[in-house]
Protein chains: 2
Amino acid sequence: MYRIGELAKACKINNDTLRFYEKNGLLSPSNRSDSGYRLYSEKDKEILQFILRAKGVGFSLAEIRELLSIEVDKANNACADVKELVDAKLLDVEQKLAELTRFQTSLKRLSDACCGGEKSAEHCTILEALESDTSQIRHEHHHYKAH
Amino acid sequence: MYRIGELAKACKINNDTLRFYEKNGLLSPSNRSDSGYRLYSEKDKEILQFILRAKGVGFSLAEIRELLSIEVDKANNACADVKELVDAKLLDVEQKLAELTRFQTSLKRLSDACCGGEKSAEHCTILEALESDTSQIRHEHHHYKAH
DNA sequence: ATAAACCTTTGAGTTAAGTCACAGGTCAAG
DNA sequence: CTTGACCTGTGACTTAACTCAAAGGTTTAT
C-alpha cells in the first residue's frame, strides 16, 4: 500500500494530480487508512501507469476514463456495447500506430542520411524524408478530432 | 494555392488556428497575394497535415516545431546536432510505438474475448488484458514529461 | 513533542492550444 | 455594387489538465 506521496513520487507526478484524477473518476485509492489516508494498492499503481502511458500516446483523460470503464457488467453481460467501443478504440490505436511508423521511418532515414555521407545535407528535413516515403499510408477519410 | 479558408476547410480546422500556427512559428503561408491574402502551397498543406498527424500521436506544438526545424544548415553542415535531436525523437517515437502496440494487443484480446464465448465476461477489462500480456515491455527508467 | 505528511474544502492561477469577437478596412465573385 | 472572404490588431474567453494556496485539523515518524 502506497500513501499518496509515495505513489506520486514513484510515478513522478504531483500529489494534487492524484487527487485530481480521483475527483475526475480516473483513479481512486482502493483503501483508506483508519485515519483517512489514501492507500493505493499495486493494482492502483498499474492503473496509474496505464493512465500515464495512455496520455503519452495522445489519449485525453476523457478517452482514458472511457478505456478504463470498459468492463463488462458481469450480471448483464453487455458485451456487444463493449465490443463496439473497443473496436472503435482499436481503430484509433491502429491509426496512431500507422502514423508513428511513418514518423519512425522518416526519422530513421534522417538519422542515417544525416551524418553518414557528405552529400547528406540535401535530404535533411522530416518533410523531405516523409515525402520520399514511397510506401506512404493514405487514409481517404482520415479525420482529426477538434481540440 | 489555397486561401486560408480553403486550406482550413480541407483540413477541417479553424481559420484562426492557421493564423495561430503562423504566429507561433509552425506554419507560414509560402505566399501572399498582392492584396495580402495568405496563399498556401501544396507543400504548406503537407506541413499542416504533418502537424495534425503529429498532434494526434501526442506531440506538443513545441515538439512539432522542433521536428519541423530539423533542417541541416546546408552551409554549416551542422549534422551532428541534428542527429542528436533526431535520435532523441526517434527514441520517443519508438517508446510510443511500444506502448501503442501493447494497447493494440490488449484491445484485440478484449475484442476477441468479449462477445466470442459465454465465459468471456471474466476477462473484460483493458487492465486485465494488459496484465495477461506476458510479453510485457518494461522500461527501467521510463519517464513521463510533466504537462 | 514537534515536524513532516496527510486530510478536507474552497478557490484561484497556470499552460497549452486554441476560439471568438470586435473594429475598421480591403478584395473578389456574381 | 453588394456580399462574403479576407486583412490587421487587440483582447477576452474556453477547455483540458493540472498546480498552488490558504485555512484549519489529524496523524505519523523521529
Side-chain angles (χ1 to χ4, degrees), chain A residues 1-41 44-45 47-68 143-147, chain B residues 1-41 44-45 47-68 143-147:
Chain A
M1 288 293 176
Y2 303 88
R3 298 204 315 206
I4 195 168
E6 290 165 353
L7 184 59
K9 197 167 184 185
C11 294
K12 287 165 184 174
I13 58 165
N14 195 303
N15 293 14
D16 279 326
T17 303
L18 281 170
R19 298 201 187 93
F20 175 79
Y21 285 168
E22 185 174 349
K23 209 178 61 184
N24 288 274
L26 280 146
L27 173 62
S28 297
S30 49
N31 281 294
R32 290 281 184 148
S33 74
D34 288 350
S35 48
Y37 282 23
R38 287 168 180 82
L39 294 176
Y40 296 92
S41 67
D44 292 336
K45 190 182 181 186
I47 298 179
L48 177 58
Q49 285 169 340
F50 175 84
I51 293 170
L52 298 175
R53 284 201 315 272
K55 267 191 8 152
V57 291
F59 285 105
S60 69
L61 294 194
E63 289 175 305
I64 297 170
R65 190 168 29 242
E66 206 179 25
L67 283 168
L68 284 170
H143 65 285
Y144 304 100
K145 63 170 191 295
H147 182 69
Chain B
M1 288 293 174
Y2 303 87
R3 296 203 318 203
I4 195 168
E6 290 166 353
L7 183 60
K9 197 168 185 184
C11 294
K12 287 165 184 173
I13 58 166
N14 194 304
N15 293 14
D16 279 324
T17 303
L18 282 170
R19 297 201 189 94
F20 175 80
Y21 285 169
E22 185 174 350
K23 207 177 61 184
N24 289 275
L26 280 147
L27 172 62
S28 296
S30 49
N31 282 292
R32 290 283 184 147
S33 74
D34 289 348
S35 47
Y37 281 23
R38 286 166 180 83
L39 293 176
Y40 296 91
S41 67
D44 292 336
K45 190 183 181 185
I47 298 178
L48 177 58
Q49 285 170 341
F50 175 85
I51 294 170
L52 297 175
R53 284 201 314 270
K55 266 191 10 152
V57 292
F59 285 106
S60 69
L61 294 194
E63 289 175 305
I64 296 170
R65 191 167 30 240
E66 206 179 27
L67 282 169
L68 284 171
H143 65 285
Y144 305 99
K145 64 169 189 299
H147 183 67

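Order of the sequence lines sets the chain letters (A, B, ...), proteins ahead of strands, with each chain counted from 1. These values consider heavy atoms only, across backbone and side chains, with no hydrogens, waters or symmetry-generated copies. For clarity, every value in this text was computed on a predicted model and none was experimentally measured.
The distance from the OH atom of Y21(B) to the CZ atom of R65(B) is 11.0 Å, given to the nearest 0.5 Å. Going from atom CZ of R53(B) over to atom CG of L48(B) covers 10.0 Å, rounded to the nearest 0.5 Å. One distance of note links CZ of R3(A) with CZ of R38(A); it measures 12.5 Å at 0.5 Å rounding. From S30(B), atom OG reaches atom CD1 of I47(B) across 8.0 Å, with rounding to the nearest 0.5 Å.
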(request) Sugar-phosphate atoms are those with a prime plus P, OP1 and OP2; base atoms are the rest. Using that split, label each nucleotide of nucleotides 20-30 of chain C B, S or - for protein heavy atoms under 4.0 Å, 5' to 3'. (result) B------BS--
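Contact check, R19(B) against dC7(D): a side-chain N or O comes under 4.0 Å of OP1 or OP2. Proximity of K55(A) to the phosphate of dA16(D): no side-chain N or O atom is located under 4.0 Å from OP1 or OP2. Side-chain nitrogen and oxygen atoms of R38(A) include at least one within less than 4.0 Å of the OP1 or OP2 phosphate oxygen of dT8(C). Phosphate proximity of dT8(C) to R32(A): present, with a side-chain N or O under 4.0 Å from OP1 or OP2. Between T17(A) and dA17(D), a side-chain N or O to OP1/OP2 separation shorter than 4.0 Å is absent.
Protein atom CD of E6(B) is 10 Å distant from nucleotide atom C1' of dA5(D), rounded to whole Å. Per the geometry, NZ belonging to K23(B) stands 13 Å off P belonging to dA17(C), to the nearest Å. The distance between atom CG of L18(A) and atom P of dT8(C), rounded to the nearest whole Å, is 13 Å. What separates CZ of F20(A) from C1' of dG13(C) is a distance of 14 Å, to the nearest Å. The distance from atom CD of E22(B) to atom P of dT8(D) is 7 Å, rounded to the nearest whole Å. Counting to the nearest Å, the C1' atom of dA5(D) and the OH atom of Y2(B) are 18 Å from each other. E66(B) places its CD atom 16 Å from the C1' atom of dA16(C), with the value rounded to the nearest Å. Atom pair F59(B):CZ and dA17(C):C1' shows a separation of 17 Å (rounding to whole Å applied).
N15(A) comes within contact range of the sugar-phosphate backbone alone, with a heavy-atom separation under 4.0 Å but no base atom that close.
The backbone N or O of L26(A) sits nowhere less than 3.5 Å from a side-chain atom of N24(A) that would complete a donor-acceptor pair. Of the possible donor and acceptor atoms, none in the side chain of R19(A) sits under 3.5 Å from a partner among the backbone N and O of I4(A).
For the pair P29(A) and L39(A), the tightest heavy-atom approach, listed with the atom from each and the gap, is CB-O, 3.5 Å.
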